[in-house]
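Right, one structure below, let's go through it.
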2 protein chains.
Amino acid sequence: MSRGLPSAPGAPTLEDVARAAGVSRATVSRVINGTRNVDQKIQELVRQAIASTGYVPNRAARSLVTRRTGTIALVVCGAGEPRGEVFTDPFFGRVAAGVVGLLRTRGVHPVLMLADTDEARAEVLAFLRQGSADGALLVSTHAKDPLPGMLVDARLPAVLFARPAEPLPISYVDLANHTGGVLAADHLVSLGRQQVVTITGPLDLPNSQDRLTGFREAMARHGHAYVPAAAGNFTQDSGEAAMERLLAEHPGLDGVFAANDLMAQGALLALHQHGRRVPEDVALIGFDDSSAALACRPQLTTVRQPVEDMAAEMARLLLSHIDEPDRRATSVIFEPTLVPRRSA
Amino acid sequence: MSRGLPSAPGAPTLEDVARAAGVSRATVSRVINGTRNVDQKIQELVRQAIASTGYVPNRAARSLVTRRTGTIALVVCGAGEPRGEVFTDPFFGRVAAGVVGLLRTRGVHPVLMLADTDEARAEVLAFLRQGSADGALLVSTHAKDPLPGMLVDARLPAVLFARPAEPLPISYVDLANHTGGVLAADHLVSLGRQQVVTITGPLDLPNSQDRLTGFREAMARHGHAYVPAAAGNFTQDSGEAAMERLLAEHPGLDGVFAANDLMAQGALLALHQHGRRVPEDVALIGFDDSSAALACRPQLTTVRQPVEDMAAEMARLLLSHIDEPDRRATSVIFEPTLVPRRSA
DNA sequence: CCAGCCTCGGAGAGCGCTCTCCCACGTTGT
DNA sequence: ACAACGTGGGAGAGCGCTCTCCGAGGCTGG
């Protein structure tokens with residue numbers, strides 16, 4: 001196998017393979033791509049020629065004519081937070097895992113992009129418009145992200161994680177967050193908790209809102225007309241701070257629902273600090289079922305969000321939008337489940 | 001701005017811009033790429049034409065002739081662990097952040113790849129050989145990874161995070177792990193700890209070995225001839241288990257050095273469970289200075305590894321290898337620092 | 001005043017692939 | 001027997017860009 005350098009000059013081309021096999025370029029191409037019928041013997045001939053030349057098709061050349069790159073952009077839409085923060089969030093890791101897992105079965109590769117500034121957003125757009133990727137997967141951490149709208153305007157295939165704050169003709173994958181809130185409330189009530197509070201995510205996020213209203217509505221149905229809430233921003237620190245505030249205002253609380261596990265972890269710390277035992281004195285429920293839920297002692301009872309599956313579905317949706325550009329925007333909603341552990 | 005679809009048929013091409021500006025394709029290309037001098041007036045003319053046509057250069061066409069893609073592969077070399085595990089590790093998040101941070105200043109984009117099976121490794125190789133990326137950044141989680149060797153053989157530009165287990169003519173970025181071990185030992189001794197143990201990473205990893213020998217050598221210099229060790233695999237669970245074992249065999253221990261923060265976090269849990277107070281009864285030192293160090297209560301004293309900077313340097317090295325293919329393999333070693341917090 | 005040079009725009013040849021035609025050769029039907 | 005059709009291979013025209021080469025024009029120096 002006389003391999004040439006990657007795609008350096010001198011690397012074998014289709015032409016070389018064709019010559020070695022004694023057929024035309026077109027035939028080699030047909031064998032490689034499996035388009036049309038090619039005689040068995042000739043196919044064998046071509047395969048041997050490919051092996052002996054060490055031929056590898058050139059992606060750029062192929063893209064140029066097919067107008068497909070076989071890559072998509074995986075865009076993380078951070079806001080003000082320092083860069084590390086976004087990627088370090090276990091939530092992002094799960095999304096990446098789900099996306100990569102699905103894409104690899106289709107021979108597609110994700111390009112990691114960060115869209116935290118106007119400039120970065122413009123770059124994402126340019127990246128797609130210049131045909132460097134066939135579409136985009138967006139994971140947004142804040143509400144007023146202009147990127148989804150920009151993609152819709154440019155008619156670029158894209159799929160969001162979570163429903164956009166503004167209605168937009170764009171596909172997305174989401175969790176029935178409202179149901180998640182209900183699950184948490186029902187569980188807390190079934191435990192006989194009387195003075196329940198909640199730590200919410202940023203309230204401009206539909207996600208946070210839905211979890212909160214689902215939770216409050218269910219609590220109301222159970223006779224708890226009002227549930228005090230404190231907002232965090234999905235980080236552990238913010239959860240700890242919110243818990244401190246709630247503890248100060250409602251020292252008698254015996255149940256807490258945090259809108260994600262990281263904040264629950266922070267709340268747990270604050271509760272310990274104040275000498276509250278979990279779950280004996282205070283029952284604590286998180287949201288996500290991330291690795292943080294298992295890292296806590298006691299391990300967190302939590303509302304599971306099947307992030308990996310959702311991410312995979314997101315990728316699947318995007319690929320179908322790429323294949324059929326005229327496909328209508330659709331949404332896929334996943335159901336949350338309660339994962340009972342020790343904390344509640 | 002009469003924008004055309006991304007790189008769909010009908011999108012404006014260089015030709016269109018040239019016609020609109022009344023110049024040749026070559027001139028437009030020169031203006032865009034800033035090669036050679038072009039008359040100011042003509043430049044202005046061209047820029048206007050670009051704006052009015054909404055032109056975006058086609059990446060594939062450019063790659064085809066320049067043999068550069070402006071993307072690199074960011075390869076995570078997992079072993080047997082479930083997929084999610086790898087991406088969820090905060091360590092990976094920091095690497096990603098560092099890489100993305102540097103690359104964006106150079107207009108280069110990372111493609112995320114997972115090389116956890118022979119098949120996946122072959123795909124990484126094919127990806128590079130077909131010119132889909134200009135080089136690769138490898139983050140390996142286990143010792144006997146064949147991928148670096150494969151890349152060297154194929155003469156593809158690549159840079160590793162951490163020294164390879166087998167000597168290999170390949171550039172890498174690493175931490176002075178030995179020094180890190182020394183730092184931890186010195187600190188524990190300065191605290192007057194008498195019965196010190198350590199939780200190591202997988203011992204086939206040079207990283208783990210170096211941390212251990214650095215630690216043991218320094219302890220020996222301080223008169224502690226033998227330091228008991230238990231091996232983990234860098235996960236929280238394994239750290240917890242290792243701590244259990246050590247506690248069983250050395251109930252009188254008063255100092256622990258864990259080879260990463262996640263394992264230290266696990267150890268902390270085990271210590272609590274056994275009623276040991278940290279830092280009063282047992283001093284605990286972690287390694288990495290990851291988000292886990294701050295998530296613990298007490299917060300972890302740890303040996304800081306500037307992962308983001310190291311990742312950025314890795315990217316920088318790779319880009320220089322891509323620019324100068326004949327450049328010799330070099331290594332850049334970063335110095336660890338002790339970050340004193342509450343746990344020791 | 002002209003050879004020599006330098007500057008800067010244009011022409012055109014590819015880069016490596018796909019894909020539409022076209023054509024040669026069976027095979028079938030009447 | 002011949003027209004009609006089906007099968008499978010080859011020719012060749014691009015895809016959109018870069019880059020080398022060429023040449024026109026303006027400048028300098030002897």
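All values derive from a computational prediction rather than experimental measurement. Below, read A as the first sequence line, B as the second, and so on, with proteins coming before strands; counting in each chain starts at 1.
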Identify each atom pair where a protein N or O and an N or O of nucleotides 12-14 of chain D are less than 3.5 Å apart, giving names and distance.
from	atom 1	to	atom 2	distance (Å)
D:dA13	N6	A:R25	NH2	2.9

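- For B:S24 and C:dG9, the shortest distance from a side-chain N or O to OP1 or OP2 is not below 4.0 Å.
- Below 30°, between 30° and 60°, or above 60°: for A:F161 and A:F91 the angle between ring planes is above 60°, a perpendicular geometry.
- A salt bridge is absent between A:E123 and B:R104: the closest approach of a Lys/Arg side-chain nitrogen to an acidic carboxylate oxygen does not fall below 4.0 angstrom.
- At least one side-chain heavy atom of A:I72 sits less than 4.5 Å from a side-chain heavy atom of A:L137.
- Atoms CD1 (B:I32) and C1' (C:dG9) sit 16 Å apart, rounded to a whole Å.
- Between B:T27 and C:dG10, a side-chain N or O to OP1/OP2 separation shorter than 4.0 Å is present.
- Nucleotide C:dG16 holds its C1' atom 13 Å from the CZ atom of A:R19, rounded to whole Å.
- An OP1 or OP2 oxygen of D:dG16 is reached within less than 4.0 angstrom by no side-chain nitrogen or oxygen of B:T13.
- B:N33 has a side-chain polar atom (N or O) that falls below the 4.0 Å cut-off from OP1 or OP2 of D:dT18.
- A:N58 places its CG atom 17 Å from the P atom of D:dG16, with the value rounded to the nearest Å.
- In this structure, A:Q40 places its CD atom 15 Å from C1' of D:dT7, rounding to the nearest Å.
- Residue B:E119 qualifies as open at atom CD: its count of foreign heavy atoms under 6.0 Å is 12 or below.
- Using a cutoff of 4.0 Å between basic side-chain nitrogens and carboxylate oxygens, B:D16 and B:R25 are not scored as salt-bridged.
- In this structure, B:A60 and B:R30 both approach DNA chain D, and ranking their closest nucleotides by distance from the 5' end singles out B:A60.
- Ring planes of A:F87 and A:F92: perpendicular class, angle over 60° (limits at 30 and 60°).
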Table of protein N/O atoms under 3.5 Å from nucleotides 5-8 of chain C N/O atoms:
from	atom 1	to	atom 2	distance (Å)
C:dC8	OP2	B:N37	ND2	3.0

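- Rounded to a whole Å, the CG atom of B:L64 is 12 Å from the P atom of D:dG16.
- Comparing A:A61 and B:G22, the nucleotide of DNA chain C nearest to each residue sits closer to the 5' end for B:G22.
- Between B:T13 and B:N58 there is no side-chain heavy-atom pair separated by less than 4.5 Å.
- When the P atom of D:dC19 is taken as reference, atom CZ of B:R67 falls 12 Å away, rounded to whole Å.
- As a whole-Å value, the separation of B:Q130 CD from C:dC17 C1' is 13 Å.
- Between A:P157 and A:D134 the shortest side-chain heavy-atom distance does not fall below 4.5 Å.
- Separating the CZ atom of A:R62 from the P atom of D:dC17 is a distance of 21 Å, rounded to the nearest angstrom.
- At a threshold of 4.0 Å, the pair A:D309-A:R316 does not count as salt-bridged, since none of the basic side-chain nitrogens sits closer than that to a carboxylate oxygen.
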